[in-house]
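Right, one structure below, let's go through it.
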Amino acid sequence: MSEEMHGMAIRAVAAYAPPSVITNTWIADRLREERIRYERQLDRELTESEAKEFETNDRWIRQKIGFRERRFVALGEGTIDLAVQATRLLSAKCGTDPADYDLIIFATVTPSYLYSPSDVGLLQYELGIPEFVDGVPKKLFGYTTTLACSSWVEGLLQA
């Protein structure tokens, strides 16, 4: 269906990942160090089957798990901080002001709080989206969906 029929369309997509990167090589090096510490703690070399628990490398991780690196937020940062950055990138890309948004779909695997407040409400607050316009409640629709790995797909389907 066309945008004219519904008045709604996806104009752009933006994403934000924190700058702190942990590579598969770092993970493999860390496991080797853990193996050495464990052997010292036991005061013996590990058996072949025990040693296998500590063996990995970049290639194995990419083949079995499918990624090259992990991104970590800084201490004290969380889901909302990532969403604010992504929304600001999206606003810049579209030339829009978040105050003009009338729908927010927040799809996440890691909500900020288990029950309340919802991430969509926290995002509205952090972006400075007003609750009232000229004394009248702003018509802003939004919800948070937390369906594990399928959250993004559900959010896209709802959009």
Are Phe141 and Ile105 side-chain neighbours, meaning at least one heavy-atom pair lies under 4.5 Å? no
Checking Leu90, Leu127, Ile104 against Pro98 for side chain to side chain contact (heavy atoms under 4.5 Å, CB included), the one that qualifies is Leu127
Would you say Thr144's side chain and Val120's backbone share a donor-acceptor pair under 3.5 angstrom? yes
Given side chain to side chain contact (heavy atoms under 4.5 Å, CB included), test Thr146 with Phe106 step by step and report yes or no. CA-CA 9 Å; Thr146 54; Phe106 199 110; over 6 Å; no
Are Ile129 and Lys138 close enough that some pair of their side-chain heavy atoms sits under 4.5 Å apart? yes
Looking only at heavy atoms, the pair that brings Lys139 and Asp102 closest together is O-CB, 3.6 Å
Of all heavy-atom pairs linking Phe67 and Arg62, the shortest is O-CG, 3.5 Å
Closest heavy-atom pair and its distance - Pro18, Leu82: CD-CD2, 3.7 Å
Paired with Glu77, the side chain to side chain contact (heavy atoms under 4.5 Å, CB included) test is passed by just one of Leu75, Val73, Ile80, Thr79, namely Val73
Kindly give the heavy-atom pair with the smallest separation between Leu140 and Tyr101, and that separation in Å. CD1-O, 3.5 Å
Just by distance, do the side chain of Asp97 and the backbone of Asp100 share a donor-acceptor pair under 3.5 Å? no
Hits for side chain to side chain contact (heavy atoms under 4.5 Å, CB included) against Leu156, two or more places apart or cross-chain, chain-then-number order -> Ile10, Trp152
For the student: nearest non-hydrogen atoms of Thr56 and Arg32, plus distance: O-NH1, 4.1 Å
Presence of salt bridge, Glu55 and Lys52, under 4.0 angstrom: no
